[in-house]
4 protein chains.
Amino acid sequence: MAGSTTGTILKLTTWGESHGPAIGAVLDGFPAGFDLSEERIQPYLDRRKPGQSAITTARKESDTVEILSGVFEGKTTGTPISLLIRNSDQHSQDYAELADCYRPGHADYTYDKKYGIRDYRGGGRSSARETAARVAAGAIAEEFLKSLGISFLFYTAAIGNVVIDSSRFDASLIGKNPTNMPDEKANEEAVALIEQVRAQKDSVGGMVKGVISGVPAGIGDPVFHRLDAALASAMMGINACKEVGIGDGLFAAYSTGSENNDAFYTDEDGVIRKRTNHAGGILGGISDGSDIVLSCAFKPTPSIAQAQETVYKNGVPKALSIHGRHDPVIVPRAVIVCETMSALTILDAMLVNMSAKADSVRAFYGKDK
Amino acid sequence: MAGSTTGTILKLTTWGESHGPAIGAVLDGFPAGFDLSEERIQPYLDRRKPGQSAITTARKESDTVEILSGVFEGKTTGTPISLLIRNSDQHSQDYAELADCYRPGHADYTYDKKYGIRDYRGGGRSSARETAARVAAGAIAEEFLKSLGISFLFYTAAIGNVVIDSSRFDASLIGKNPTNMPDEKANEEAVALIEQVRAQKDSVGGMVKGVISGVPAGIGDPVFHRLDAALASAMMGINACKEVGIGDGLFAAYSTGSENNDAFYTDEDGVIRKRTNHAGGILGGISDGSDIVLSCAFKPTPSIAQAQETVYKNGVPKALSIHGRHDPVIVPRAVIVCETMSALTILDAMLVNMSAKADSVRAFYGKDK
Amino acid sequence: MAGSTTGTILKLTTWGESHGPAIGAVLDGFPAGFDLSEERIQPYLDRRKPGQSAITTARKESDTVEILSGVFEGKTTGTPISLLIRNSDQHSQDYAELADCYRPGHADYTYDKKYGIRDYRGGGRSSARETAARVAAGAIAEEFLKSLGISFLFYTAAIGNVVIDSSRFDASLIGKNPTNMPDEKANEEAVALIEQVRAQKDSVGGMVKGVISGVPAGIGDPVFHRLDAALASAMMGINACKEVGIGDGLFAAYSTGSENNDAFYTDEDGVIRKRTNHAGGILGGISDGSDIVLSCAFKPTPSIAQAQETVYKNGVPKALSIHGRHDPVIVPRAVIVCETMSALTILDAMLVNMSAKADSVRAFYGKDK
Amino acid sequence: MAGSTTGTILKLTTWGESHGPAIGAVLDGFPAGFDLSEERIQPYLDRRKPGQSAITTARKESDTVEILSGVFEGKTTGTPISLLIRNSDQHSQDYAELADCYRPGHADYTYDKKYGIRDYRGGGRSSARETAARVAAGAIAEEFLKSLGISFLFYTAAIGNVVIDSSRFDASLIGKNPTNMPDEKANEEAVALIEQVRAQKDSVGGMVKGVISGVPAGIGDPVFHRLDAALASAMMGINACKEVGIGDGLFAAYSTGSENNDAFYTDEDGVIRKRTNHAGGILGGISDGSDIVLSCAFKPTPSIAQAQETVYKNGVPKALSIHGRHDPVIVPRAVIVCETMSALTILDAMLVNMSAKADSVRAFYGKDK
């Protein structure tokens, strides 16, 4: 089934395998008349690309994006925006050993069961490389949302048992230190942890947290296209994500109603606000105007160099040590994927929301209320 | 936007408000020729209905389902199955005070911001009563999956800080004790906790856990319609759900790759299996044939009797004490909602999966491979 | 597959069989705050209902619509609008003979092949009775469009070889005379023709033409959700429709470019207009602000009383004479179905169109251009 | 809105402008394990490409397709198939005059009204060049259907008033003579007519007819995703198409029921068949196993060299003579577009149909009936 398209008004389609000639995305339904060029997208891809520090894979992908359609004289035209990222620096021979066996924690086995065939080189379609196409398209959505005054603060909240401390929170560190942790001490500890697991031919998991500020109240479409449900789908759809929370998330389960409810009050400007934000900016599946807060747990990189028990396709046992170039932790590079996927999700919901009120439709089409 | 329809091949549409004449569901795309009558659905609704024990609301809804279409001489016909549940025992007058003010933790404010109007009686569309329609439709999906040998084990895993102990796990207690906890001791402690929070005019949250056994490998459609992403959307779309995990979920973030990866081996029958199931039965967004394991965190019931700070629609402050009949904890009644929504999600993905291989399509249409 | 839902932002789902307890529709995504009651919908259903004149079936359906959800205190709330029409005056025994044989020109055979089972009473789901649900929902869309200054002129353009003459066009006759032809002379000739085919135990086909005025330029979404493609799908999806044309339609095939192109000019108010409207108001799949013009050809009612060759399900031949109560011509009652389906199609496209320009999105969310 | 994606299980997304660097398509949901290479697609594109005879534009596009993803070692993998066709031989300067004025019969005006901006070079996204991407993707669907024993016979049925005569029907002429008419005499007359209109700086319209044989009974999903409705949408969505008919189409309107109904009988092999095929292979929106027959009327090429009245964007009048290289008739090149779009439509419906019966689902998942 066509699983590589998502969205209602704003539709993203991605395509491509890790070791094919290229990967790409088609972003359709994006509003016309927005300033766009490759220069506006590239910084997002640069935040994702590998080979940037000692703790990421040594694989070097320039990940240069080309816009093939949908932009004319520097502006979007409302037609599909086709984005192309050529693959390079592939070491397909690293994967020859994997053609007939199943890497634990990877999708080799499930792709084989579903499709009966798979491009095993670099994980093929199941490679996290595919997320570069999402980032390229999501960058466009995020740029648009930023032009509306919406801001994004996504970062690494934990690597293994190293958790950031809010008392040391320093947003300026994100994008600068190798872990994308906004806490220098935690960053240092995490780097040490990563070095340690790598030395043990192992890997480690972690958490991404995201805060989106400035989303107006009213976004999201109950009962199934709730904003929290859409965000959960977008986050859980990112490779290696295993849990998604909104606002207090799991902690809400351990709270009482009097602790968890956010009281409403009216501020000095006469605006209705909430005293707290346990809800993470979403009530009943609709944004409430507060910060949207989400968290994503990522499993450890499944590709590890230590010997693992597995089997060949024919069932014969194999002791597998995965060589090649792999990140010992996925989380720092996943931050921008979460951020841009949330931008796509929110922009789609905002476009959809424009016709929620009859008065808005009437006003748009030139009628008085 | 039309947010009340979900699914690809198997589409569920729900409608109705808490205090309108009825609520209902239309389940379209369900395969023809399956034995169906109200008797097959009603037990699922009975597992959800209120007024069953001291710890749920005293509101009595008979929640009797009527099939209005799609079934002929006891079998489904492949056409839309329309399900009707009449509302009764409404105390709409309980809600008159809420017409102009915003209950903390509820969707009153966000519906007002989105639509400019809302049916405030009993929460209207945002009431968890709407989930009865989902349960009625989901029951049909679950019955079908059961006929394929797929089984569902969903239960309350925690209420507040009372967590079940796996050493005392007794599945026979589910559906019998008031909490739906498969642990008699935890059930008793949870009941005591619930009595306590109710005495304090408060409420409490908790966790639902689900295990689905027998789903074949190969279900789910990367990269956006992954089975885990679809389940996350379905669970997060349930009222009061704030976090969703698959398999080890959050704990994966604190693991190493060597701990988290599930080794493959070949059993005595020559079947490829996994030694462990940290992945929760899904790898790369596709089922791997192991149990599918998920967890959902629910916030405490937002309707509490103790005084809360809030505002009227016009911004004037109000001290609100919510009367009426409310569950002090949502979780026991949410179990069947999670269970049936997972059934709908998995059946849709299984129907979609039938055309994944060219050989399957050829065989279906009478051609040799 | 779920074939009974259509639309992007505004989604219509219909359900129900001809001889079940009821038929119905769920209209989701309709803008909130619009005045709505059964009284606003009923006149549309009355235009469709049978038993109104000598040339329609004697079957009497009151076709009374009930709104079960989505309206509060006389206004739409943005939530799904559930519409119920109870069935009555069923003569199911008329159909007992049809349980095991295939009526020529009907869907009995194809439903059996697809689903392996069918509700044969009155055609079940394939009965044109299902279109009453479309009319009920479409009436809401049409009322909304009328409030925006958009008007609908749909009528019978031909019955058999009796074609209306534009020189005698009198719109006031539509809805008054039994054929819905806006030409008294043609109406009389058509009535005579209908009496004649009925006497011959036969039936006859015809044409519906529709003109929709006031649709703003810019509606429709190339390349696949073009307005003409969406209208073609909506019209061809009506029972017995076999051909759909836009503007000059078929005649365009016999024209030259210089004849068929519509010249642009600027009128005295400085508005750009077209000299002619061969295009029928749609260029490149997008409305151009001129009248949208469409035509639909309907086949003759397949249920005829004269003996026809057919077979039983088991292949045994049968000479079939269809009794029961059938319209000798479908067209007069199809007019309102075409009209309301076009309203649903256009309103959905207009809602979708609101986010086409970045400036519109910015303005909606409170930013300057 | 995202208008460039269509399909349910098999989803086609196209992108690209006439004078951008490339156009392309992403075909997602195609079954895995099918032999595919560029060589299998190219002949379809060659049937569409311009510059092949005296009666088409002199524009030379090599229209070479590259597969960028979804194929591994010569077989489809079930992942998105990305197809790229680079643009070449663009004479963008031919279009400079058109930047600010509206060509009659073209989409310049409507794109401007919808999006406020357009790529005017060669018509940009509204150029029929976009259909090359549809042909490339549709070729894959058609190859698959052919492997199931389904065949396609599409041809030019009329150019202006030159209509083919069935008594001279010779299918071998299709693809050989410049008009794609299966009638040598009609071809010669049509060529003469085309030369004549070209000499008059004019253009002419025509008809495409298609016959698809071998589609099994049971395909199509009432009530809105009927096979005829889906085909109507697909055909009307092709540039310049103005009318679509199924089977007898328009002629059904002038028939009686006894003429139009197709009698069922049982042939010597015990198979239920129809004596005639007025219905064009579709009853109640579902295929009946007979040939599927459709017809499409195309308007004349709107780009003509004779002077036409139009206006600049600012409303100032302009006498426009369109130079550049344009086909005097669109129809011969539209044949393959209709053919491949029908293949995509039918394959999608066939994939969707696989889960129509509970027994089929049970059998697929290894359960007895």
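Reminder, nothing fancy here: chain letters follow the sequence lines and each chain counts from 1.
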Identify the heavy atoms of [X] and [Y] that sit nearest to each other, and give their distance.
X: F72(B); Y: R121(C); answer: CE1-NE, 3.4 Å
X: G70(B); Y: E17(C); answer: N-OE1, 3.1 Å
X: I67(B); Y: P21(C); answer: O-CG, 4.5 Å

When you look at NZ of K357(C), are more than 12 heavy atoms from neighbouring residues, nucleotides or ligands closer to it than 6.0 Å? yes
Can you tell me how far the OG1 atom of T5(B) sits from the CG atom of L12(C), to the nearest 0.5 Å? 10.0 Å
Spatial distance of atom NZ (K11(C)) from atom OG (S4(B)) [nearest 0.5 Å]: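 The distance works out to 10.5 Å.
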Below 4.5 Å, heavy-atom pairs only: which of M1(C), E66(C), K114(C) has the largest tally toward chain B?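 When all of M1(C), E66(C), K114(C) are compared, M1(C) has the most.
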Check whether E73(C) gets within reach of chain B through its side chain, its backbone, both or neither, counting any heavy atom under 4.5 Å. side chain
Should W15(B) and D28(C) count as side-chain neighbours, where that means a heavy-atom distance under 4.5 Å?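 No, side chains not in contact.
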Toward chain B: residues of residues 75-84 of chain C with heavy atoms under 4.5 Å: K75(C), T76(C), T77(C), G78(C), T79(C), P80(C), S82(C), L84(C)
By side-chain hydrogen bond (donor to acceptor under 3.5 Å, both in side chains) - contacts of T310(B) (at least two apart):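 Not a single residue meets the side-chain hydrogen bond (donor to acceptor under 3.5 Å, both in side chains) criterion with T310(B).
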